[in-house]
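What follows is a set of notes on a single structure, which appears directly below.
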Amino acid sequence: MKNILLFLCIGLLFLGCDDETQPSGGGQARIIVNCPGFIQGQETLLASSSIGTLYLPGATDLNTVTKGQNVAVSLNYQTPSMCKNVEVKFELNGNVIDTRNLTMGGFDASSTCQDGCYKSLNFIVP
């Protein structure tokens, strides 16, 4: 009788644990922008996204996002006529999910840099 009662208690314990819900995606996200050789005062870098804005290379604050959400990022990088590499990272829950490497610079739409001086990117939250 004690063995049957013991097995029933263990069975109820395991069945009770199955009610936990697993996260369905999303969490805390931020955009990180790196630009080697950035010259403060001579260059302007503005990264605006649906989860924050930054005016120099760096990172936005952490923001809550949900699975499937589109995080749009707009970059405006003005340089005195030279193209520079810009790295844009999408970080979710402390892990870099996606990295985009761009070549940007110039002052207007006539920029000869591969990605111009204005660029829009989209990151989808997994």
Side-chain angles (χ1 to χ4, degrees):
M1 184 67 160
K2 287 183 182 180
N3 288 341
I4 293 173
L5 187 55
L6 179 63
F7 286 122
L8 284 173
C9 289
I10 292 172
L12 287 174
L13 179 65
F14 282 114
L15 290 175
C17 292
D18 287 342
D19 292 339
E20 291 182 33
T21 57
Q22 297 298 320
S24 61
Q28 295 292 308
R30 68 181 177 166
I31 300 295
I32 302 168
V33 179
N34 295 315
C35 181
F38 181 81
I39 305 170
Q40 191 169 356
Q42 294 181 17
E43 300 174 353
T44 304
L45 175 57
L46 168 64
S48 178
S49 75
S50 52
I51 61 172
T53 300
L54 59 110
Y55 294 94
L56 295 170
T60 63
D61 291 334
L62 289 172
N63 287 275
T64 302
V65 294
T66 57
K67 183 176 182 173
Q69 180 178 340
N70 178 43
V71 178
V73 178
S74 296
L75 296 167
N76 177 357
Y77 188 28
Q78 295 183 354
T79 63
S81 75
M82 65 178 108
C83 301
K84 292 197 174 182
N85 295 323
V86 178
E87 179 183 64
V88 182
K89 296 179 181 180
F90 176 63
E91 183 183 273
L92 180 65
N93 299 324
N95 298 310
V96 175
I97 302 299
D98 194 357
T99 301
R100 311 276 175 88
N101 292 298
L102 308 167
T103 303
M104 298 182 68
F107 285 108
D108 54 29
S110 66
S111 170
T112 58
C113 298
Q114 178 180 337
D115 295 300
C117 63
Y118 303 104
K119 186 72 174 176
S120 294
L121 304 172
N122 289 300
F123 298 97
I124 305 297
V125 179

- Message: Testing the basics here: between Gln69 and Val65, what is the closest heavy-atom pair and its distance to 0.1 Å?
- Response: OE1-CA, 3.3 Å
- Query: With no hydrogens and no angle check, do the side chains of Gln28 and Thr64 hold a donor and an acceptor under 3.5 Å apart?
  - Reply: yes
- Message: Do Val71 and Ile124 sit in one hydrophobic cluster, given that two such residues count as connected whenever their side-chain heavy atoms are within less than 4.5 Å of each other, even indirectly?
- Response: no
- Are Ile39 and Lys84 side-chain neighbours, meaning at least one heavy-atom pair lies under 4.5 Å? yes
- Message: Is there a path of hydrophobic side-chain contacts, each under 4.5 Å between heavy atoms of I/L/V/M/F/W/Y residues, joining Val88 to Tyr118?
- Response: no
- Task: Measure the shortest side-chain to side-chain distance between Leu56 and Leu45 over non-hydrogen atoms and say whether it is less than 4.5 angstrom.
- Result: no
- Do Tyr55 and Thr44 have side chains that get closer than 4.5 Å, going by heavy atoms? no
- Which residue, Asn76, Asn85, Leu75, Thr79, forms the side-chain contact (heavy atoms from CB on, under 4.5 Å) with Met104? Leu75
- What one should report as the nearest heavy-atom pair of Val86 and Val33 is CG1-CG1, 4.0 Å
- Query: Under the 3.5 angstrom rule, does the side chain of Asp108 hit a backbone N or O of Ser110 as a donor-acceptor pair?
  - Reply: yes
- Give a yes/no verdict on a cation-pi contact between Arg100 and Phe123, requiring under 6.0 Å between NZ or CZ and the six-membered ring centre and an angle within 45° of the axis. yes
- Query: Is Val73 reachable from Ile97 through a run of I, L, V, M, F, W or Y residues, each pair having side-chain heavy atoms under 4.5 Å apart?
  - Reply: yes
- Between the CD atom in Glu43 and the CE atom in Met82, the distance rounded to the nearest 0.5 Å is 6.0 Å
- Query: What distance separates Thr60 OG1 from Leu54 CG, expressed to the nearest 0.5 Å?
  - Reply: 6.5 Å
- Message: Test of understanding: clusters of I, L, V, M, F, W, Y form through side-chain heavy atoms closer than 4.5 Å, transitively. Do Leu121 and Leu92 belong to the same one?
- Response: yes
- Task: Check whether any side-chain N or O of Thr66 sits under 3.5 Å from a backbone N or O of Gly26 as a donor-acceptor pair, and report yes or no.
- Result: no
- Message: Hydrophobic clustering (ILVMFWY, side-chain heavy atoms < 4.5 Å, transitive) - are Phe38 and Ile32 grouped together?
- Response: no
- Do Pro57 and Asn34 touch side chain to side chain, with heavy atoms closer than 4.5 Å? no
- Do Asp61 and Arg30 come within less than 4.5 Å of each other through their side chains, counting heavy atoms only? no
- Task: Answer yes or no: is there a side-chain heavy-atom contact under 4.5 Å between Cys117 and Phe107?
- Result: no
- Can you see which heavy atom on Cys113 is nearest to which on Thr103, and at what distance? CB-O, 3.8 Å
